[in-house]
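Only one structure is covered here, and it is reproduced in the block below.
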Protein chains: 2
Amino acid sequence: MNIGDIARMAGVSRAAVSRYLNSGYVSDEKRERIRRVIEETGYQPSVMAQTLRTKKTFLIGVILPRVNSDSISSVIEGIGPVLQDAGYNMLLATTDNSPVKELEFLQIFSNHRVDGVILVATVFTEEHKRILKDYALPFVLVGQSLPGFACVYHDDYSAGLLLTRYIIGKGRRNVGYIGVLSEDEAVGQRRFEGVRDALAEGGIPLSPGMRETADFSTESGYERMKALFERRGDIDAVICATDRIALGAMRYLKEAGKRVPEDVAVAGFGDNIVSGVTSPAMTTVRFRYRESGMLAAEKILKEISGGGDDRQQVMLDVGLVPRESV
Amino acid sequence: MNIGDIARMAGVSRAAVSRYLNSGYVSDEKRERIRRVIEETGYQPSVMAQTLRTKKTFLIGVILPRVNSDSISSVIEGIGPVLQDAGYNMLLATTDNSPVKELEFLQIFSNHRVDGVILVATVFTEEHKRILKDYALPFVLVGQSLPGFACVYHDDYSAGLLLTRYIIGKGRRNVGYIGVLSEDEAVGQRRFEGVRDALAEGGIPLSPGMRETADFSTESGYERMKALFERRGDIDAVICATDRIALGAMRYLKEAGKRVPEDVAVAGFGDNIVSGVTSPAMTTVRFRYRESGMLAAEKILKEISGGGDDRQQVMLDVGLVPRESV
DNA sequence: TTCCGATGTGACATCGTTCTCATAATCATC
DNA sequence: GATGATTATGAGAACGATGTCACATCGGAA
């Protein structure tokens, strides 16, 4: 059942049906005949043919490391409805944290499978920058700031500052830090810099012995806390780059017979769902993940509809969530 | 840059290039010429045109209530890689728990936007069954069993049985149940039936006064626990249809000065990420969410590749996760 | 009467592939 | 040297829409 069949049944030309469907001059009489035939047959124009002809897929490619994560799934929930309201759908690609796969998908999507791309990446290699430099499609970066490209990201530096000042304000002086690899600029670098600067500002610069690097897991948080504590038994506060890491740290401290927060304060970043459930409940920093998704979706839609290629950066503010662990 | 350009540049016909790309007779000499031109130009065939011609989109529509949920995002993580390995991509649609939107997306997708559909639904209305009855595309249901359709689901009944027997085994006799609405057959009915039958089997049938119905939120778990406790102060165990509800119940009990599990045992279903973090850590039942996604993806691929329309049901087993709250 | 703008209309080319089909060349076999 | 199988080739017709364009029609104004 194609547009030709409908035209024949309604006794009009294919062009008339096309005009009826889109918008153009169709007399009332023919309009009605076409309407009835379409209703009777339940005809729906072929998306495939429309796509070939118009070069619009109404699809946005969304590339992300994984989806089973509190923060990332919030981003997706932000993106989804905005796109759907505009008649777009999400083409989801998970890279399992592999930068290579990320580039692969950028490649696949560029072949006009989608109208635009939203990239939620943690690490940007030189290869990334090279490919993005002259990427065929409009795209928006989420979660990291890359100068010269459209992105929506969080104020990780202020997050570090905010949390650390709060901890210093609570009278802690022997503060440790468990971070993540510095390839991740936002989580690995910005957060650390905020923490470092706040400590320096408070007159208690971070000594090398007070710093550890974990991967993103709870287990690794446990291990790094152990290392930290065995080296510096006098530690009275530890800041962790993520809530999951902080959870591991808290577990170790409990096992080691330390009280949180009386003996050692523990804090994380992200306001992960688990952080409200631990006991003591974890002090952390809230990021606007859902909003970052919404903004990214709006941004990509604007770029597609040609509202000027909007390369500006959008930074979202963060907020302290004081609970019981500090 | 299209196939015609490549043909011209290589001095062959379009058909030859097409055969080169797909497979057919191409002489070594021409093969080499075509290869070089493609390499030089970086030509990639247009997915849109291929789709129109071949009627294959290599897209699977995935419809789900939301993504920011530990269980559902695990399902997605199961689906993704399986599809990707087969050269397919996921078209994600979130319905925000609205059955109407669910039907809308089924409608949208049916118009040959995708090659098949995976539907993660919680409620099946008559309308659902009517539409699915003669749906144009292959589809697989996840999480619920609907006779006559291909589905992958969990053994919710055994989950209820297993958990309840365990609790009875721990000597609890005044057992309450906080369930969810019965329109959700798997979570609302099967789990309840398992609990009910195990209690009956243990000679302590569930009295109406021991049953409450919550929505899926922690807050509602708190409220329902309060109602239950105020009515039956002698309660010594409560089973909740989900871990989130159980978390609310645990919070209320703590506030009411009850010890868990000494005074009241608390258990949930789902092995949600939070259940390992509460203190005491929550006893629950593990479901194979990720595997259900993988199996659903494999099933839909098999149906698409015409491996017989495989309407059989696949039930996944569950496992008790004993921790500290019982 | 003539002219003009607004409104309607259908033929036809186009988008970029795949695929059928008719035909050619090559080689071995009888 | 005729026959047939095998390999190779390109012309051209789909696929199912959209959009351009030339042309009709029809009031109403000059």
Check your understanding: Counting side-chain heavy atoms from C-beta on, which of dT18(D), dG16(D), dG8(C) comes nearest to Tyr25(A)?
Key -> dG8(C)
Check your understanding: Out of dG16(C), dG10(C), dT18(D), which nucleotide sits closest to the side chain of Lys55(A)?
Key -> dG16(C)
Revision key, fill the gap. Against the side chain of Asn2(A), the closest entry in dT17(C), dA17(D), dT9(C) is dA17(D)
Check your understanding: To the nearest Å, how far apart are Gln50(B) CD and dC15(C) P?
Key -> 17 Å
Review point. Under 4.0 Å between a side-chain N/O of Ser27(B) and OP1 or OP2 of dT9(D), yes or no?
Key: yes
Practice item. Please report, rounded to the nearest Å, how far the P atom of dT17(C) is from the CZ atom of Arg8(B). Key: 12 Å
Check your understanding: Starting at CD of Gln44(A) and ending at P of dG16(D), how long is that distance when rounded to a whole Å?
Key -> 15 Å
Point to revise | Length of the line joining Arg113(B):CZ and dG16(D):P, which is rounded to integer Å | key: 17 Å
Exercise for review: Grab the two heavy atoms, one from Ala121(A) and one from Glu102(A), that are nearest each other, plus how far apart they are.
Suggested key: CB-OE1, 3.5 Å
Exercise for review: Go through dG8(C), dT17(C), dA11(D) for me and flag the one nearest to the Ser13(B) side chain.
Suggested key: dA11(D)
Revision key, fill the gap. Taken to the nearest whole Å, CE/Met48(A) to C1'/dT14(C) is 20 Å
**Study point:** Nucleotide nearest Ser18(A) when distance is taken to its side chain, options dA17(D), dT18(D), dT17(C)
**Key:** dT18(D)
Review point. Can you name the one residue among Leu21(B), Ile3(B), Asn2(B) that meets side-chain contact (heavy atoms from CB on, under 4.5 Å) with Pro45(B)?
Key: Leu21(B)
Review point. Is there a donor in the side chain of Gln107(B) and an acceptor in the side chain of Gln44(A), or the other way round, less than 3.5 Å apart?
Key: yes
Review point. According to a strict under-4.0 Å criterion, is Tyr43(A) in side-chain N/O contact with OP1 or OP2 of dA17(D)?
Key: yes
Review point. Looking across every strand, which nucleic acid part, if any, lies under 4.0 Å from Val47(A) by heavy atom: base, sugar-phosphate, or nothing?
Key: nothing
Exercise for review: Could you tell me the separation between the CD atom of Glu29(A) and the C1' atom of dC26(D), rounded to a whole number of Å?
Suggested key: 16 Å
Check your understanding: Which nucleotide, dT17(C), dG10(C), dA17(D), lies nearest any side-chain atom of Ser46(A)?
Key -> dA17(D)
Check your understanding: Choosing from dG16(C), dG12(D), dA17(D), which nucleotide comes nearest the side chain of Arg14(B)?
Key -> dG12(D)
Check your understanding: Distance only, no hydrogens: is a donor on one side chain within 3.5 Å (strictly under) of an acceptor on the other, for Lys56(A) and Tyr88(A)?
Key -> yes
Review point. Which nucleotide sits closest to the side chain of Asn22(A): dT9(D), dT18(D), dA17(D)?
Key: dT18(D)
Study note, to complete from the structure: Heavy-atom closest pair (Val140(A) atom, Lys299(A) atom, distance to 0.1 Å) is CG2-CB, 3.9 Å
Review point. Contact class for Tyr20(A) (heavy atom, under 4.0 Å): base, sugar-phosphate, or nothing?
Key: nothing
Check your understanding: Can you tell which of dG16(D), dT9(D), dG19(D) lies closest to the side chain of Ala15(A)?
Key -> dG19(D)
Check your understanding: Rounded to whole angstrom units, what separation is found between the CZ atom of Arg19(A) and the C1' atom of dT20(D)?
Key -> 11 Å
Study note, to complete from the structure: Rounded to whole Å, NZ of Lys30(B) lies from P of dA8(D) at a distance of 11 Å
Point to revise | Phe139(A)/Phe109(A) aromatic ring centres below 6.0 Å | key: no
